[in-house]
Amino acid sequence: MDDLPTLKTPAVAEPARSGLGVAALQRDIVDNLICLQGRYPEIATPHDWYMALSFAVRDRMMARRVATTHAYVASDAKVACYLSAEFLIGPQLGNNLINLGIESNVRDALQALGLDLDALVAIEEEPGLGNGGLGRLAACYLDSLSTLEIPAIGYGIRYEFGIFDQEIKDGWQVEVTDKWLQKGNPWEILRPDVAFYVNFGGRTESWTDEQGRYCVRWIPAYTVKGVAVDTPTPGFRVNTCNTLRLWKSEAVESFDLQDFNAGDYYEAVHEKVRSETLSKVLYPNDEPEAGKRLRLAQQYFFVSCSLQDMLRLLALKGEPISRFADMFTAQLNDTHPSIAVAELMRLLIDERNVEWDDAWTITRNALAYTNHTLLPEALETWSLPLFQDVLPRLLEIIYEINSRFLDEVRQRFPGDHARLARMSLIDEHGAKRVRMANLATVGSHAVNGVAALHTRLLEQTVLHDFAELWPEKFRNVTNGVTPRRFMMLSNPKLSVLLDETIGEGWATDLTKLRKLEAYADDPAFLDRWRAVKQANKQALAARIKSETGIVVDPTALFDIQVKRIHEYKRQHLNALYIITLYLRLRRDPNLSMTPRCFVFGGKAAPGYWMAKLIIRLINGIAEVVNNDPTVNGRLKVVFFPDFNIKNAHTIYPAADLSEQISTAGKEASGTGNMKFMMNGALTIGTLDGANVEIREEAGEENFFLFGLTESEVERVRREGYHPDNYANSNDELREALDLVASGHFSRGDANMFRPLVDNLRWSDPFLVLADYVSYVARQEDVSHAWQDTKRWTRMSIMNTARSGKFSSDRAIGEYCEHIWNIRPVKIALE
Ligand code: M8P
């Protein structure tokens, strides 16, 4: 017995599980290793230590979480519920340490154990529960909600498999399943006590009750159970610790049992598998595919659980149903949760006996809708037969909402049949479909776009008729991102420099960064600014080397485009510019040229062939350019595999130039553009999405603008766009396209990129060729500006200094004030 390892930690006065001192942390980490992991230090793997540490950190959030929940139940403050099919929260450990303010003590505690904090932070498998910007926005908003001490709950789906991991093989994207839960997730808390039933399929029956009320009963084909899985989300240096509540689907046990007893063992197992399938996998597209029954079921599943949970909490608060909208507001993150309109009506009418008109008032007052895209192919609609099959009762309710709504439109615009057809919740052109954006708009008291330009276009195009009917419903709330994760956590060197120059406090009032302007001509400050950027570039260069084997020069201009791969985002315009530079060097090997390192990153939807071909093209260019002795290292091209939140942490801080080059009118907002700006990158960009506001804030002298405006794009299209004319009238463009078509970047295979080149020449839906000349010209200005180090550094400082508007705290402040009417609740700890 004497040989067994024992707990050899010193006695510490500070309480277990909550003490924030170094010794208490050290003791509790070892305690966890032994008591939760069943390991001891001598044999513990880094992952064991990561888990032991994470549980120790999680413990430190628990008192806050309990106090927060208690305060919300006790107070009559309204709670903001953010409903989103995606929450791309990123790795949790580092962020939690920052928000709790215990990073330095934890580092010391680990050091005493012979461990390195950064190494443990790097081990974490990130929860990839989103596709891109939309899911990340939801996560930034959770951080701001807690930091601003706003009562809030995030509601979504606990996917067992998040967004796929991307590998690059032979230049092509290969998708690998994301097994993020394999080694366990220390941040989540399973709540078997918080569970709800959700019905699917079957039919409805109606009858009239004793009071003469028309009643409907839904007899479902099957029922699934949703169980809550909570992730605490602490605010930055406040006691508030809100909850991200994700629903995991399970089989309803009694169903299994019934079938089992009846002898139908296989049916019972099938039922279980079918139920668990619901929260199995995130759809890896950022636009809908026709007829995805499971996706509709996922949406309804998480929305129904969330609304039932809100009703449960209302009862817990001791409030009557009539006060629902005073106690809760539900923000719909795009149309993905818009079935909430019909489901809340169903819960109120069918299950709580509320009259239709009262239920409708409650529903509208409680719901608000954010639109994130104008792309016609991304506007969600569901085929009517599919909808009828999966959610028969909800379709009936949608019909009733529609009939009452169209009556209202008829009164306002008598005889305007075309308008009725456009506004109807059901699209009757061809095969009938349910229009989710119309449903969300009709069922909400507020509708917002995500950047000024986007909101204007929304009001002028997709939702024009609705904006005319209810102008007061529409607002803009320009997106924002959290400076805690995207500056403090990912760019610690910059954070220290900022603290030392303008004092602490900028991270919670980002407009304070303006104070930097006073230092923009201070040579000593400029040197320090450059040193920070240089160190970040070296770190990225090292990651590039280890991930791809490519050696890049950290003193070259780092020109970066990271985002989902999509034709409208025009990664291929960037690629054409690289080819242009390459051709210039081939023509004149002695050409003096600003050395550039082009970095790309981003995933393509698995079924999006053209996006995958663009990835292949970038890798083909990289292979040629990086190995051509004529180029002699002046150009480097890197496709950084598996762009995700974790990799983003090293990429944004290392950028000199941010590529925001979408076709004007297509990118609703963009949020990567903001992350680059905060970290001192200059932007080359079109007047699209939030770029417009970034340029306004930065000053036009600190932004490289190019390309057609949204109205020019429309005009060119109207007047007939012939991309081939652009190719023929510019030698460099024609040669670049010809070189791609020749097979030069595909090891001689002249067929590989044929579809891409033909598409650009003959169709070019996103006007790549129309913007080429203007893009190249602006890139020349970039190269020129880079030569003047002092001028460049000054511009870089100005970008950070003027990025304050793009904090998600500002955005959440606007939601609170204009849409939710919610105020902070201070949380006191015992
Ligand atoms: C749409 C879908 C439609 C159907 C099924 C799945 C979908 C998944 C995602 C989306 C979608 O719209 N995705 C977006 S919108 N991704 C984004 O990044 C967008 O939202 C961001 C946050 O507001 C904006 O910054 C981006 O400009 C916008 O494209």
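Computed from heavy atoms alone, side chains included, the values below leave out hydrogens, waters and symmetry copies. The structure presented is a predicted model; accordingly, all values stated were derived computationally and were not measured. Numbering of ligands and ligand atoms starts at 1, following listing order.
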*Asks:* Taking a cutoff of less than 4.0 Å between a non-hydrogen atom of the residue and any ligand atom, is Arg295 in contact with ligand 1?
*Replies:* yes
*Asks:* Closer than 4.0 angstrom: is that true for some heavy atom of Val450 and an atom of ligand 1?
*Replies:* yes
*Asks:* Which of parallel (below 30°), tilted (30 to 60°) and perpendicular (above 60°) describes Trp247 and Tyr155?
*Replies:* parallel
*Asks:* Which atoms of ligand 1 sit under 4.0 Å from any heavy atom of Ala378?
*Replies:* 3 (C)
*Asks:* Check each atom of ligand 1 against the heavy atoms of Thr373 and keep those under 4.0 Å away; list them by number with element.
*Replies:* 12 (O)
*Asks:* Would you call His336 a ligand 1 contact, heavy-atom distance under 4.0 Å?
*Replies:* yes
*Asks:* May I ask you to check whether Glu667 has an N/O atom sitting below 3.5 Å from an N/O atom of ligand 1?
*Replies:* yes
*Asks:* Decide, yes or no, whether a salt bridge links Arg456 with Glu459 under the criterion of side-chain N to carboxylate O below 4.0 Å.
*Replies:* no
*Asks:* Are side-chain heavy atoms of Lys280 and Gln298 found at a separation under 4.5 Å?
*Replies:* no
*Asks:* May I ask which of Glu86, Arg136, His372 has a heavy atom nearer to atom 23 (O) of ligand 1 than the others do?
*Replies:* His372
*Asks:* Please check this pair: side chain of Ser249 against backbone of Ser275, looking for a donor-acceptor N/O pair closer than 3.5 Å.
*Replies:* yes
*Asks:* What residue and heavy atom of the protein are closest to atom 24 (C) of ligand 1, and at what distance?
*Replies:* Gly670 N, 3.7 Å
*Asks:* Check salt bridge (Lys or Arg N to Asp or Glu O under 4.0 Å) between Glu125 and all other residues, then give those that pass, not counting sequence neighbours.
*Replies:* none
*Asks:* Say whether Asn285, considering both its backbone and side-chain N or O atoms, lies within less than 3.5 Å of an N or O atom on ligand 1.
*Replies:* no
*Asks:* Does NZ or CZ of Lys473 fall inside the cone over Trp470's six-membered ring, less than 6.0 Å from its centre and within 45° of the axis?
*Replies:* yes
